[in-house]
A.B. asks: 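So that we are looking at the same thing, I have put the structure below in structure tokens.
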There are 2 protein chains.
Amino acid sequence: MRSKDENKELVIREKAIEMIVNEGFDGLSMQKLAKEANISASTIYIYFQSREDLLNKLFIEVQEKFEKDALKNFDPKMDFESGLWLQWKNRYNNISKNPLEFQFHEQFRNSPLIRHKDIKPTAFKELMNEFVRNAVKKGELVNIPIVHYWAIAFGPFYTLVKFHVEQASMAGTPFTLKEQSLKQTFNLVMKALRP
Amino acid sequence: MRSKDENKELVIREKAIEMIVNEGFDGLSMQKLAKEANISASTIYIYFQSREDLLNKLFIEVQEKFEKDALKNFDPKMDFESGLWLQWKNRYNNISKNPLEFQFHEQFRNSPLIRHKDIKPTAFKELMNEFVRNAVKKGELVNIPIVHYWAIAFGPFYTLVKFHVEQASMAGTPFTLKEQSLKQTFNLVMKALRP
DNA sequence: AATATAAACGAATGTTCGTTCATTTTAAAC
DNA sequence: GTTTAAAATGAACGAACATTCGTTTATATT
């Protein structure tokens, strides 16, 4: 009996994301993907049920990886400023290490494909809610609806990061955003969020 | 001689945006679009050179309309808080009146299609820069790089609005976001931006 | 070394794609 | 009412699409 080549599935995933980022969803055909991965098109169907299944699995994989990595060293009992800053830095690190995955994720999130999936509420979300509740209780954070909090706490972060990712992507240069820039923006955000 | 039916071009544009928002870029085929618009596929080519030309024209149209409407009653000599709030409200009004156009714009902006176009710097951008320079000079705004300003001044706005647009779109209900919610978020953003 | 079994493949399926073109229809201009 | 020229069309084009299938190949197990 022959066993599945784990590396082969990885190549399919990598090339698929690369093609989608560079050419969009309609730029990803199974035959072109096969050629890029140096395999036969029919081989893809051993690893994925269909094109749609492939896309969904890619999204879920990236989403889960990003959520998990965002919580590295994080504890909802941390003081608010340290906890939020840790999240900014974690997310920043993930994006600079995986700009293609990030762009794929953004593209998927902004497309109607996202509607065909039901996004299950993750433990991630509950952990963040706890973090926010604690901070309000301790008087470290203004008491506002959670969506307002998300908008202010992460809106500036993603706007800033996306700007730099897009700049780099268009110019063909590596993604660069100095930690000092991030910190300066973060300090202003904290000013908004403190009671 | 027969003249072009302006209404026909409008229907094509409307249906195209509708299809893209509901089914994505690969959901838009010329034949399906023709059927939706009750015309022959070849008729589309009287109004647009190609599929790509159609997409580009749609984007440019929406982009210019949104930029123009964002500046309604705006003057770069306004005091900072009033000027920024006016922009929030203008943008908010446009999005709630044209949620499909907004979603189309977001989808395009986050796709690689945007790279095939060169975005010419608009008068819009220069006007905003002047507004910011004035505000800094008058001591109404912290002195930070312009990209940091954009991130903080509009990041929270778009994060909040997109959340509500997506909610409404998924649930099939109309877009609703109370002005009071918007104002509350705005006040915190102002707290961050004041010196 | 033989066997068994899933991986891997190339070719072929029927469909749909964007676009073209010869023809017909329409309405403005005279 | 006739002319004229562009709008509008349906049929047709080859290319590319996702997926299937019968066959071959590779490898773990015996």
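In what follows, chains are A, B, ... by sequence order, proteins preceding strands, each numbered from 1.
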A.B. asks: Check the distance between C/dT19's P and B/Tyr47's OH and give it to me in whole angstrom.
C.D. replies: 18 Å
A.B. asks: When the distance from CD1 of A/Ile46 to P of C/dT5 is rounded to whole Å, what number comes out?
C.D. replies: 17 Å
A.B. asks: List the residues meeting ring-ring contact (aromatic ring centres under 6.0 Å, His included) with A/Tyr47, not counting sequence neighbours, and say none if there are none.
C.D. replies: none
A.B. asks: Give each protein N/O atom lying under 3.5 Å from an N/O atom of nucleotides 21-25 of chain C, with the pair distance.
C.D. replies:
unit_1	atom_1	unit_2	atom_2	d
C/dT25	O2	B/Arg2	NH1	3.4

A.B. asks: Given pairs defined as Watson-Crick or G-U wobble with both distances under 3.5 Å, what dot-bracket annotation applies to DNA chain C, with ( ) intrastrand, [ ] crossing, | other strand and . unpaired?
C.D. replies: ||||||||||||||||||||||||||||||
A.B. asks: Check the hydrophobic clustering (I, L, V, M, F, W, Y; side-chain heavy atoms under 4.5 Å; chains of links allowed) and say if A/Val62 and A/Leu10 are grouped together.
C.D. replies: no
A.B. asks: With sequence neighbours left out, what residues match A/Asp79 under side chain to side chain donor-acceptor pair (under 3.5 Å)?
C.D. replies: A/Ser82
A.B. asks: Hey, are B/Glu130 and B/Lys137 close enough for a salt bridge, meaning a charged N less than 4.0 Å from a carboxylate O?
C.D. replies: no
A.B. asks: Between which nucleotides of DNA chain D, 5' to 3', does chain A make heavy-atom contacts below 4.0 Å?
C.D. replies: D/dC17 to D/dA28
A.B. asks: Under the side chain to side chain donor-acceptor pair (under 3.5 Å) definition, can you give me all pairs with a residue in residues 168-178 of chain A, not counting sequence neighbours?
C.D. replies: A/Gln103-A/Ser169, A/Ser169-B/Arg115
A.B. asks: With sequence neighbours left out, which residue pairs that include part of residues 161-195 of chain A fulfil the ring pair (Phe, Tyr, Trp, His ring centres under 6.0 Å) condition?
C.D. replies: A/Trp85-A/Phe186, A/Trp88-A/Phe186
A.B. asks: Can you name the residues that form a side chain to side chain contact (heavy atoms under 4.5 Å, CB included) with B/Glu18, not counting sequence neighbours?
C.D. replies: B/Lys15, B/Asn22, B/Leu100
A.B. asks: Under a 3.5 Å threshold, yes or no: a donor from one side chain and an acceptor from the other, between A/Lys162 and B/Asn110?
C.D. replies: yes
A.B. asks: Return a table of donor-acceptor pairs under 3.5 angstrom between the side chains of residues 141-156 of chain B and protein atoms on other chains or two or more places apart.
C.D. replies:
unit_1	atom_1	unit_2	atom_2	d
B/His148	ND1	A/Gln184	OE1	3.2
B/His148	NE2	A/Ser181	OG	3.4

A.B. asks: Can you check the A/Glu9 CD to C/dA7 C1' distance for me, whole Å?
C.D. replies: 13 Å
A.B. asks: Is B/Lys138 salt-bridged to B/Glu81, cutoff N-O under 4.0 Å?
C.D. replies: no
A.B. asks: Using a 4.0 Å heavy-atom cut-off, does B/Phe48 contact any base of the nucleic acid, only the sugar-phosphate backbone, or nothing at all?
C.D. replies: nothing
A.B. asks: Check the distance between C/dA8's P and A/Tyr45's OH and give it to me in whole angstrom.
C.D. replies: 16 Å
A.B. asks: Counting only heavy atoms and a strict 4.0 angstrom limit, can you tell me which residues of residues 27-37 of chain A come near DNA chain D?
C.D. replies: A/Leu28, A/Ser29, A/Met30, A/Gln31, A/Lys32
A.B. asks: Applying ring-ring contact (aromatic ring centres under 6.0 Å, His included), can you list everything that pairs with B/Phe104, at least two apart in sequence or on another chain?
C.D. replies: B/Phe108
A.B. asks: Got a sec, which residues hit side chain to side chain contact (heavy atoms under 4.5 Å, CB included) with A/Lys57, two or more places apart in sequence or on another chain?
C.D. replies: A/Arg13, A/Phe48, A/Asp53
A.B. asks: Salt bridge check, A/Arg51 against B/Asp26: does any charged N sit closer than 4.0 Å to a carboxylate O?
C.D. replies: yes
